[in-house]
Amino acid sequence: MSMLEQEIEIANPQHPHCPTILVLDTSGSMNGDKINALNAALVGFRDQVCNDPDASQRVDLAVVTFGAGVDVLREFDSVESFTPPTLLAKGMTPMGEAIDRALDMVEQRKKLYRNKGVDYYRPWVFLITDGEPTDMKPGDNRWFEVVGRVSEGETGKKFMFFVVGVEPANLGALRDIAPANRPPVMLKGLEFRKLFEWLGNSLSGISRSTPGETVSLASVDGWANVTL
Amino acid sequence: MKKPYIFGARVVGPSHVRNQLPCQDAYCYAWTRTGAGVIAVSDGLGSARWSDIGSLVAATAAVECGVRHLSDPAESEMADLRDVSRRTLEAARRALELRAATDGRSIRDYGCTLLVVTFQSGCAAATHIGDGGVVALAGERLVLVSGPGESEYANEVAPITSSRWTENVRTSALVADITCVAVFTDGCQRAALNRINGSIEPFEGFFGPIFRFGRNVSDVVSAEAEIAALLASRKMNEHNDDDKTLVIGVTERDNAAGEQSGR
């Protein structure tokens with residue numbers, strides 16, 4: 001052993017963190033096969049990420065659902081402690097409020113990291129919906145606020161915002177909500193499992209990246225139709 | 001009085017070994033007959049195809065420039081260390097442009113950070129682009145001469161090969177009464193620097209042992225082996241699997257005899 005290794009201490013013995021928030025539609029229209037497939041995929045996602053030695057120590061996961069209200073099912077915490085919930089589908093689609101809540105949580109998490117001296121990667125916000133917002137309409141105040149917040153956040157590199165539509169999602173509305181540089185994709189059928197495998201692989205890549213390294217995300221062809 | 005000396009090492013990070021990449025860090029240093037020292041440390045970007053070459057080109061060119069300005073006794077005595085440090089970065093950029101042109105490649109392929117410290121008569125100044133840092137021992141006080149650039153995210157950095165590189169260059173204030181200086185790439189950052197409420201400070205738990213070791217070196221070759229062993233150790237790599245470079249200069253205020261250089 002190096003003599004100096006025994007003598008020195010490490011100022012910041014922490015891995016850099018990758019804050020990731022899932023914003024999941026649990027409105028009534030998701031009932032049945034869709035919510036069942038989503039629930040199963042969350043279990044697979046947890047197992048996949050926790051089996052990755054880097055991602056398991058670096059991914060901090062939060063979950064927000066929107067249906068009968070907006071619920072923070074899980075505040076940001078290590079993915080190692082994630083117990084996948086059994087989501088139930090009911091209610092409307094308060095997507096605007098859910099997006100606002102998620103982005104607030106992201107900013108608070110980054111502030112916590114900064115206060116504690118923890119390094120972190122750009123946060124991921126992952127929205128999955130089979131509908132359109134029922135708490136905001138194109139042209140109303142909340143619409144402008146939420147859409148503007150997503151756009152400015154993406155442009156200002158505050159986070160990366162991904163939108164995945166599930167049939168019969170309103171693609172036009174999702175195009176308006178999603179950042180211009182990251183248009184929404186439509187899930188192929190019920191390929192939630194492949195969607196979350198892609199997400200797990202992407203987070204693994206991010207978790208291992210070092211300064212100056214460009215992480216290329218894998219193609220979404222296996223689970224999504226890229227919208228034009 | 002001890003003769004002034006510089007020693008250092010670089011090691012390939014476990015992530016580079018896993019991905020079959022070379023070590024993309026490089027360093028270079030020199031003492032001049034006038035008693036001035038120059039240390040340059042560079043970290044090649046993982047996304048840049050030839051960044052291992054880029055970091056070596058940058059560090060070498062920077063030191064050569066610094067030595068040119070500080071070797072002439074007349075010029076050295078009047079030298080503004082901050083100005084000399086700045087010029088070393090400009091020289092490094094020109095060297096990278098020339099290398100890219102010669103190889104028929106884009107300069108972006110050689111992407112790297114660069115930290116350069118010049119010191120003499122107990123004073124030091126640093127010019128810096130990208131992450132990593134420079135810490136000095138002034139009296140018994142640790143001084144952050146230059147810290148990592150303003151990058152919010154763990155995997156983003158501004159390299160000297162960027163088209164807007166001049167906007168991201170920082171030159172430190174002159175630091176006086178130094179006896180030791182350490183220059184390191186970001187692979188050592190988490191060990192060496194504390195980040196509390198947005199401010200960065202050198203960590204005594206790391207630099208205390210490092211500088212005590214540095215001031216008692218009798219054999220530079222052995223010292224470099226010890227630094228290499230430290231950088232490759234489990235403790236240093238548990239939470240950071242990137243390449244690591246650490247170079248230490250130990251100074252004195254008398255005129256130094258002879259030249260020492262190394263890479």
Side-chain angles (χ1 to χ4, degrees), chain A residues 1-20 52-60 106-107 109-124 153-154 156-160 202-217, chain B residues 13 15-16 18-19 24 43-48 51 111-113 130-131 148 151-159 186-187 189-198 200-210 212-213 226-236 238-243:
Chain A
M1 179 184 281
S2 150
M3 175 266 297
L4 279 172
E5 184 191 5
Q6 296 178 68
E7 294 188 18
I8 62 148
E9 296 170 48
I10 304 293
N12 233 337
Q14 295 202 47
H15 290 273
H17 288 241
C18 186
T20 304
D52 182 305
D54 290 320
S56 61
Q57 297 183 82
R58 299 183 177 191
V59 173
D60 287 342
V106 163
E107 288 307 309
R109 190 65 176 178
K110 291 201 291 182
K111 185 177 178 184
L112 178 74
Y113 291 147
R114 286 192 293 270
N115 287 344
K116 289 183 175 290
V118 173
D119 294 331
Y120 56 94
Y121 300 101
R122 197 185 317 181
W124 279 42
E154 180 80 41
K157 296 188 177 183
K158 292 182 181 179
F159 45 75
M160 288 194 282
S202 300
L203 292 175
S204 291
I206 296 288
S207 297
R208 281 191 286 273
S209 65
T210 52
E213 184 179 337
T214 300
V215 178
S216 297
L217 301 180
Chain B
S15 65
H16 285 233
R18 273 197 308 269
N19 296 321
Q24 291 165 325
D43 179 2
L45 268 55
S47 58
S51 66
C112 57
T113 66
D131 51 18
S151 175
E152 182 176 6
Y153 302 119
N155 56 348
E156 295 182 4
V157 69
D186 74 298
Q189 252 174 243
R190 225 165 278 146
L193 301 177
N194 252 330
R195 281 180 190 261
I196 304 293
N197 294 323
I200 300 173
E201 296 172 358
F203 181 51
E204 166 64 31
F206 181 81
F207 287 107
I210 292 288
R212 277 194 298 275
F213 171 78
E226 176 60 33
I227 295 297
L230 169 67
L231 298 182
S233 69
R234 186 188 59 84
K235 187 181 267 188
M236 286 292 291
E238 252 178 333
H239 302 95
N240 188 311
D241 51 10
D242 200 0
D243 296 336

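Just so it is clear: chains get the letters A, B, ... in the order the sequence lines come, proteins before strands, and each one is counted from 1.
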Taking side chain as everything from C-beta outward and backbone as N, CA, C, O, which of these in [X] sits under 4.5 Å from a heavy atom of chain A? Side chain, backbone, both or neither.
X: B:F206; value: both
X: B:E238; value: backbone
X: B:R18; value: side chain
X: B:L230; value: both
X: B:E201; value: neither

Among B:R195, B:R212, B:H239, the residue with the most heavy-atom pairs under 4.5 Å to chain A is B:H239

The test is salt bridge (charged side-chain N to carboxylate O under 4.0 Å, His left out); show your working for A:R114 and B:E152 and say whether it passes.
CA-CA 9 Å; A:R114 286 192 293 270; B:E152 182 176 6; 3.4 Å; yes

Counting only heavy atoms closer than 4.5 Å, note whether [X] contacts chain B via side chain, backbone, both or neither.
X: A:Q14; result: backbone
X: A:K110; result: side chain
X: A:Q57; result: neither

For each of [options], tally heavy-atom pairs with chain B at distances under 4.5 Å, and name the one with the top tally.
options: A:K111, A:R58, A:E7; result: A:E7
options: A:D119, A:N115, A:L4; result: A:L4
options: A:G117, A:A11, A:P123, A:S2; result: A:A11

Find out whether [X] and [Y] are in side-chain contact, i.e. whether some heavy atom of one side chain is under 4.5 Å from a heavy atom of the other.
X: B:P148; Y: B:L193; value: yes
X: B:E226; Y: A:M3; value: yes
X: A:V118; Y: A:P16; value: no

Below 30° counts as parallel, above 60° as perpendicular, anything between as tilted: where do the rings of A:Y113 and A:H17 land?
tilted

Closest approach of B:F203 to A:I10 (non-hydrogen atoms, all atoms of both residues)
CE2-C, 3.6 Å

Going by atom types only, do A:Y121 and B:E156 share a side-chain donor-acceptor pair under 3.5 Å?
no

To the nearest 0.5 angstrom, please state how far the CD atom of B:Q189 sits from the CD1 atom of B:I200.
7.0 Å

